[in-house]
Amino acid sequence: KYPGHQISDSYDPAAIFEEQLQKCGVEYFDFYLLHNVYEKSIETYTDPRWGIIDYFLEQKKNGRIRHLGFSSHGGLELLESFLSRYGKDMEFCQIQLNYIDYSMQDAKRKVEYLDRAGIPIWVMEPLRGGKIVPMTEPFMDRLEEIRPGDDPAAWAFRFLQSFPEVVTILTGISDMGQTEEKIRLFSKKDPLSGKEMETLMSVVDEMLSQNLVPCTSCRYCTSHCPMGLDIPSLIDLYNEHRFSKGGFIAPMAVSALPEGKRPDACLGCGKCEKVCPQQIGVSGIMKDFVKILAEYPMMN
């Protein structure tokens with residue numbers, strides 16, 4: 001994969017590609033992807049100074065790349081913008097998809113859009129780095145009632161089997177036991193039934209509601225913010241970071257926002273709080289978010 005998401009003074013796709021072929025000891029790659037095309041890196045990938053996409057399309061034409069695609073942690077609008085220009089040349093898209101991010105990262109709409117666009121889906125983080133495997137007893141008990149013996153990982157992989165758009169899943173394997181278990185899970189097609197999907201999504205909604213800021217995205221706040229902040233979107237990112245207990249997703253997304261539209265632009269005036277039906281303390285959340293983000297180099 002080409003690291004166009006990394007911040008640099010210049011980009012040389014030919015140098016990177018030749019080094020990758022040499023290190024891997026091969027003459028071509030079966031699958032090559034543009035790594036993490038998101039709201040900030042799309043400027044790099046589409047900058048005519050570097051000619052990144054044109055270069056890799058040429059390598060594909062020359063047989064040195066058999067299949068070219070991209071990965072993305074960006075939003076739906078980013079996917080639409082990128083594929084409106086390069087959709088005919090992209091053979092797959094790798095997104096973060098699991099039963100938590102189906103709602104939290106709006107993966108549901110991404111799956112629907114990629115399906116309409118005819119782009120096969122590769123899945124990364126099917127278990128969210130293992131974070132969705134531990135599930136407290138009250139929630140696990142509800143799943144056990146309708147599917148005894150299946151652990152959260154089994155539910156996660158059967159969830160993904162419910163989407164015909166998904167063609168490849170990066171499962172992540174640490175030992176032989178996990179290898180054997182995943183071969184067992186995928187030895188037959190066993191997608192979730194309608195009742196199982198409904199129960200799982202209900203459990204996920206309750207899990208998220210217990211620990212997250214209860215913003216409903218009514219957007220009353222945005223019409224009263226003197227700085228024009230997209231408060232619901234910022235709260236979504238704040239929630240994502242809290243639920244994940246860290247990670248790069250929220251800092252990456254905030255760093256792609258223009259200055260003046262980030263949490264640190266909040267004046268703490270409280271105008272948004274006066275019209276919030278959920279009585280959310282927005283100014284306090286923005287202040288806490290600024291403190292959290294300050295720990296990440298990409299924000300400095």
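Small disclaimer: the values here were computed from a predicted structure and weren't measured.
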(message) What verdict does the ring-ring contact (aromatic ring centres under 6.0 Å, His included) test give for Tyr296 and His241, after you've listed the backbone C-alpha separation in whole Å, the side-chain angles of each residue and the deciding distance to 0.1 Å?
(response) CA-CA 12 Å; Tyr296 290 82; His241 203 71; 5.5 Å; yes
(request) Take Phe70 and Leu83 through the side chain to side chain contact (heavy atoms under 4.5 Å, CB included) test and state the conclusion after the steps. (result) CA-CA 10 Å; Phe70 70 108; Leu83 289 176; 3.7 Å; yes
Roughly how far apart are [X] [atom1] and [Y] [atom2], rounded to 0.5 Å?
X	Y	atom1	atom2	answer
Asp236	Ile231	CG	CD1	12.0 Å
Phe243	Ile249	CZ	CD1	13.5 Å
Leu34	Ile52	CG	CD1	8.0 Å
Ile53	Met90	CD1	CE	5.5 Å
Lys274	Gln279	NZ	CD	14.0 Å
Ile42	Lys40	CD1	NZ	14.5 Å

I want to check something: taking the side chain as every heavy atom from C-beta on, are [X] and [Y] in contact at a cut-off of under 4.5 Å?
X	Y	result
Leu293	Pro263	yes
Met207	Ile100	yes
Lys1	Asn36	no

(message) Filter on ring-ring contact (aromatic ring centres under 6.0 Å, His included), then keep only pairs touching residues 267-292, sequence neighbours left out; what's left?
(response)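 Qualifying pairs: Tyr238-Phe289.
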Does [X] come within less than 4.0 Å of [Y], counting only side-chain N to carboxylate O?
X	Y	answer
Glu125	Arg128	no
Arg147	Asp150	yes
Asp230	Lys261	no
Arg184	Glu180	no

If we ignore hydrogens and angles and just use 3.5 Å, is the side chain of [X] paired with the main-chain N or O of [Y] as donor and acceptor?
X	Y	answer
Arg219	Pro232	no
Thr199	Leu143	no
Ser162	Pro191	no
Asn239	Val213	yes
Gln161	Arg158	no
Tyr45	Gly4	yes
Glu165	Pro120	no

(request) Might you work through the side chain to side chain contact (heavy atoms under 4.5 Å, CB included) test for Phe186 and Thr171, ending with a clear yes or no? (result) CA-CA 11 Å; Phe186 287 98; Thr171 65; 4.3 Å; yes
(message) Tell me if the aromatic rings of His67 and Phe31 count as close, with their centers under 6.0 Å from one another.
(response)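 Yes.
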(request) Group every Ile, Leu, Val, Met, Phe, Trp and Tyr by side-chain heavy-atom contacts under 4.5 Å, then state whether Leu33 and Leu57 land in the same group. (result)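 In one cluster: no.
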Around atom [atom1] of [X], are there more than 12 heavy atoms of other residues, nucleotides or ligands at under 6.0 Å?
X	atom1	answer
Glu144	CD	yes
Tyr86	OH	yes
Lys182	NZ	yes
Lys188	NZ	no

(request) Could I get the full list of side-chain contact (heavy atoms from CB on, under 4.5 Å) partners for Asp47, not counting sequence neighbours? (result)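 Expected list: Arg49, Trp50.
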(message) Just to verify, what does Ile65 make a side-chain contact (heavy atoms from CB on, under 4.5 Å) with, not counting sequence neighbours?
(response)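 Scan of Ile65 (side-chain contact (heavy atoms from CB on, under 4.5 Å), adjacent residues dropped) gives Phe17, Tyr32, Phe56, Gln59, Lys60, Leu68.
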Do the side-chain N and O atoms of [X] and [Y] include a donor-acceptor pair separated by under 3.5 angstrom?
X	Y	answer
Gln94	Ser72	no
Arg142	Ser202	yes
Asp101	Asn98	yes
Ser244	Glu240	yes

If every non-hydrogen atom of [X] is compared with every non-hydrogen atom of [Y], which pair is closest and at what distance?
X	Y	answer
Ala253	Leu237	CB-CD2, 3.7 Å
Glu43	Glu39	OE2-O, 4.5 Å
His73	Phe248	NE2-CZ, 3.6 Å

(request) Just do the side chain to side chain contact (heavy atoms under 4.5 Å, CB included) check on Tyr113 and Ile119 with the steps written out, would you? (result) CA-CA 9 Å; Tyr113 170 71; Ile119 305 293; over 6 Å; no
(request) Please identify each residue that fulfils salt bridge (charged side-chain N to carboxylate O under 4.0 Å, His left out) with Asp141, with sequence neighbours left out. (result)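 Per chain and number, Asp141 pairs via salt bridge (charged side-chain N to carboxylate O under 4.0 Å, His left out) with no residue.
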(request) Under the salt bridge (charged side-chain N to carboxylate O under 4.0 Å, His left out) rule, collect the residues that match up with Arg64, sequence neighbours excluded. (result)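 Residues passing salt bridge (charged side-chain N to carboxylate O under 4.0 Å, His left out) with Arg64: Glu18.
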(request) List the steps, then state whether side chain to side chain contact (heavy atoms under 4.5 Å, CB included) holds for Asp115 with Phe163. (result) CA-CA 10 Å; Asp115 181 41; Phe163 299 95; over 6 Å; no
(message) I'd like to know whether His35 forms a ring-ring contact (aromatic ring centres under 6.0 Å, His included) with Tyr2, so could you lay out the CA-CA distance, the side-chain angles of the two residues, the decisive distance to 0.1 Å, and finally the verdict.
(response) CA-CA 6 Å; His35 185 52; Tyr2 181 74; 10.0 Å; no
(request) Hydrophobic side-chain clustering at under 4.5 Å (ILVMFWY, transitive links): who's grouped with Ile7? Put none if nobody. (result)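 Traced through the cluster, Ile7 reaches no other member.
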(request) Establish, for the pair Arg66 and Phe29, whether the NZ or CZ atom is under 6.0 angstrom from the six-membered ring centre and no further than 45 degrees off its axis. (result)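 No.
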